[in-house]
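In what follows, a single structure is set out as structure tokens and then discussed.
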Amino acid sequence: EFLIDNCPMSLADKSIGFILLFVAVIIFIYYSIWVLVLPFVEKGHPMQKYFLPKEYAIAIPSVLLAAVLVVVGVFIGAVLVKEGKKAKKK
């Protein structure tokens, strides 16, 4: 109780942060193996069945990057429009 009162982050926040970090590390390791190791593994190797085709190694990050850029652009646009309306009222 004493630790939680003096700590700006609660235990739930730390747990969520740890889970997100763990998931990010797992995704990074999976993607790194997929992109850096798998091209040198023979096509018939059993390890190949755990990974998507290599075309997706570029397609998935590209689509995710485009989606993030669209969301950031829409957010910035919405903030600018809102600030513009506030400036006109004054």
Side chains of residues 28-54: which donor-acceptor partners sit under 3.5 Å, not counting sequence neighbours?
residue	atom	partner	partner atom	Å
Tyr30	OH	Tyr50	O	3.0
Tyr31	OH	Ala57	O	2.7
Ser32	OG	Phe28	O	2.8
Trp34	NE1	Leu52	O	3.0
His45	ND1	Met47	N	3.0
Gln48	NE2	Val41	O	3.2
Gln48	NE2	Glu42	O	3.4

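- A 6.0 Å sphere centred on CD1 of Ile58 holds no more than 12 heavy atoms belonging to other residues, nucleotides or ligands.
- Grouped with Leu65 in one hydrophobic cluster are Leu69, the linkage being side-chain heavy-atom contacts under 4.5 Å among Ile, Leu, Val, Met, Phe, Trp and Tyr residues.
- Alongside Leu20, the hydrophobic cluster contains Ile16 (criterion: ILVMFWY side chains under 4.5 Å).
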Exercise answer: donor-acceptor pairs, residues 73-83 side-chain atoms, under 3.5 Å, sequence neighbours excluded:
none

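- Apart from Val63 itself, the hydrophobic cluster it occupies contains nothing, where clustering links Ile, Leu, Val, Met, Phe, Trp and Tyr at side-chain heavy-atom distances under 4.5 Å.
- Distance check, rounded to the nearest 0.5 Å: CG of Leu21 to NZ of Lys14 gives 14.5 Å.
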